[in-house]
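Written below as structure tokens is the structure these notes are about.
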Amino acid sequence: MAQNRKVYSLSQLNQSLENHFTTKFGERTFWVTAEVIKVNAKNGNFYLELADSKNNTMTAKSSATLWSRNYRVIQDQVGATELQGILKPGNNVLFALKITYHPVYGLKLNILDIDPAYSYGAIEKRRQEVIEKLRAAQLLDKQKSLKLPAIIKRIALIGSPDTSGFTDFNDELFSNHAFNKFVIKVFPVRVQGEQAVPELISAVKEAACFDADVIVILRGGGSKMDLAIFDNFDLANTIASSRLPVLTGIGHETDRVVADLVAHSFFKTPTAVAAYIHYAIASYKEIMGDLYDRIIHRAQRLISVEREEFNHINRYLQHHSGTMIQYWRTQFQQFENEVITAATSIVHASKRTQDNTIHQLIYQVERTVQDHQNEVDRMLEDIKVNAVHLIDQERKFSIVQRIDQIRSHSINQLERYAVVLENYNDLLDMLNPHKMLMEGYTISTIEGTDVQDVAGALTGQTLKTLTSKQLITSEIKAVKNTTKEDGNQR
Amino acid sequence: MEINDKLTYEEAMQRLKEIVGELERKEVKIDVLSSTVSEAKSLVEFCREKLDSTEDDIKKIIDPEAEGQT
Amino acid sequence: MEINDKLTYEEAMQRLKEIVGELERKEVKIDVLSSTVSEAKSLVEFCREKLDSTEDDIKKIIDPEAEGQT
Amino acid sequence: MEINDKLTYEEAMQRLKEIVGELERKEVKIDVLSSTVSEAKSLVEFCREKLDSTEDDIKKIIDPEAEGQT
Amino acid sequence: MEINDKLTYEEAMQRLKEIVGELERKEVKIDVLSSTVSEAKSLVEFCREKLDSTEDDIKKIIDPEAEGQT
Amino acid sequence: MEINDKLTYEEAMQRLKEIVGELERKEVKIDVLSSTVSEAKSLVEFCREKLDSTEDDIKKIIDPEAEGQT
Amino acid sequence: MEINDKLTYEEAMQRLKEIVGELERKEVKIDVLSSTVSEAKSLVEFCREKLDSTEDDIKKIIDPEAEGQT
């Protein structure tokens, strides 16, 4: 390997690399994004260290140079302050650059141009995020509810004492002759660099404990990138939560920073803050003067009104107490009248009741007598009617009945006798023997006895036989028995 | 029995009953039979008249106004 | 029964009732029947007159002014 | 019932009612009927006079001025 | 009812009403009617005087100056 | 109601109203009517005097200078 | 209402208005009327003095040199 080696001098190698880069990249311009890690300025030239990282691990690193010639061109376009703000460590920047290789200095990125919009965009994006967060936490308007004192005398001043903004504020504040009895407590902080935010936060917290009317935060201008520290969420939170009203005087031209949004009031410059404080005092004094006059006027008027009301009340007292007594007097008279009327009415009513009672009495007495008279009359009539009735009854029933009874009984008796008599007559007729004799029958007797009734022998006896015309006497020769029944027949 | 003004209804009826009794018991002799029967008839007549006259009397006593009618 | 001033209405009525009773019980002989009826009739007349006079008396007592009218 | 000064209206009325009751119940004999009615009449007269005098008394009591008028 | 100083108008009126009530219910005998009416009359007089004197009193109380006039 | 120094106008008025009420409702007996009216009269007098003295007091308080005039 | 150093004009006026109101509405008893009027009078005096002194104070403020004059 050693025999075959072709040995080049470093110059040859580097010359060869230079040629290669020149050929390969030549005049071509590249747009590259990178984070500025370090910036060194020397003789108008800027030497930057650029890097790229992913997940906090550096993935690329290069040195870059911004020659003073190019710097001036860029500065004309972007503005000196802004350019300084952009070219600061930690900023992401979009560079236009050429790649060069120098045999002595090696690979160099030669910055030709910068697009500030890229950097601003990042800041703006961050700012919007913080604003949203504040709004969500309802911190945006918290300070607005605090009342600003009419006269701001004690000021807690937060800022960098050496800066022009700080000086401007003090000059403006104390240049005024009308009022200059301010008490200022300064809380010095750095307003740029990495320590700026924590210092500001602790200063605001400290100032809030101080016996001051307001907290004033000053920053006398700076690039957009510089002012980005005032977009910090923690700082905004601290400001919003402050018990004292916070006034901001952060010099800027266009956009407001987040600190402005959460503060009680914001002003474009530190001078404007001082001017406002003065204006407030002046206008207050004016108002107070005016008020004083009005108060005196009012007071006088009030007194006269009161006097009037008062006299009025005094008159009312007289009037109403008089009216009241009068009222009661009338009331009384009324009572008295009512007593008389009612009492008299009772007496009259009683008299009427009495009259009624007397009338009733007389009526009842007369009625009683009348009733009794009627009763006596009725009684007499009853006696008459009953006596006559008794007689009539006697007549109708007793006497007539008796006669009827006598008549009917006697007639009845006669009839009964007649019947008995007729019976005897009939019997007599039946028993009369003449009738039988006339019909041809005969009666035979022996010594006066019916022959049928004679006991013993009949033969030889003398028999008398009676006919209707003769009485025959004969002697019985023989007797012959017939049937027993026939024997009884005559 | 003699029928005269002194004879009462009671006596007449008494006699009548006796006659009827005798007839029934056939105690009347054949010889006096017809006269007995004749006496009885007379008594019956007497009684009949007595009854009639008594009825008339009573009617006259009780109802004197009706005297002319019956 | 003798009808005289001493006879009362009650006694008369009593006798009448007796007569009726006798008649009912057929205790009156035919021979005295008409005289009995006659007595009864007299008693009735007596009672009737008694009643009439009593009625008159009562009317006179109760209504003396009307005396002349009836 | 004897009518004298001691007799009260009530007693008189009581007796009158009794008489009416007896009459109604026909407990009065015809023989004493007229004397009973006579007694009643006397009682009625007594009551009537009693009532009249009471009425007069009452009128005098109630309206003494009118005494001479009625 | 005895009429004396202790008798009140109320009691008197009460008694009067009782008397009227008794009369209405016919509980007063005729024999005591005039004495009852007499009592009532006395009560009425008593009440009337009481009312008159009360009326006078009231007039005097209300209008003492007019005392001599009425 | 006894009228003494401790009696207030209100009490007197209250009693007066009661009396008027009782009179209007005719709850006062005739026997006590005149004494009731007398009491009312006294109360009225009491109230009237109270009013007069109050009126004087008020005049003195409100217008002390005029004290001698009225 | 007690009138002392702590009493303000407002309170006094308030009480005065109350008193006038009560008087207007006739809510003040006659028994306390004169004491109420007396209280009102005191309040009126208090208010009048308060107003007078206030007016003086104001005059002094406006025209401090005239202090001795008024």
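First the proteins, then the strands, lettered A, B, ... as listed; each starts at 1. Atom set for the values below is all heavy atoms of this structure, side chains included, hydrogens, waters and symmetry mates excluded.
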Checklist entry - What do you reckon, is NZ of C:K29 surrounded by more than 12 foreign heavy atoms closer than 6.0 Å? => result no
Item to check | Value rounded to 0.5 Å, distance of CE in B:M13 from CG in C:D31 | outcome: 11.5 Å
Item to check | B:I61 and its side-chain contact (heavy atoms from CB on, under 4.5 Å) partner, picked from C:S38, C:S35, C:S42 | outcome: C:S38
Checklist entry - Under 3.5 Å, side chain of B:D57 to main-chain N/O of C:S34, donor-acceptor pair present? => result no
Next on the checklist: Applying side-chain contact (heavy atoms from CB on, under 4.5 Å) to C:K41 and B:I62, what does each step give before you reach the verdict?
Outcome noted: CA-CA 6 Å; C:K41 174 68 177 177; B:I62 288 181; 5.5 Å; no
Checklist entry - Where is the tightest heavy-atom contact between C:I30 and B:E10, given as atom of each residue plus distance? => result N-OE2, 4.3 Å
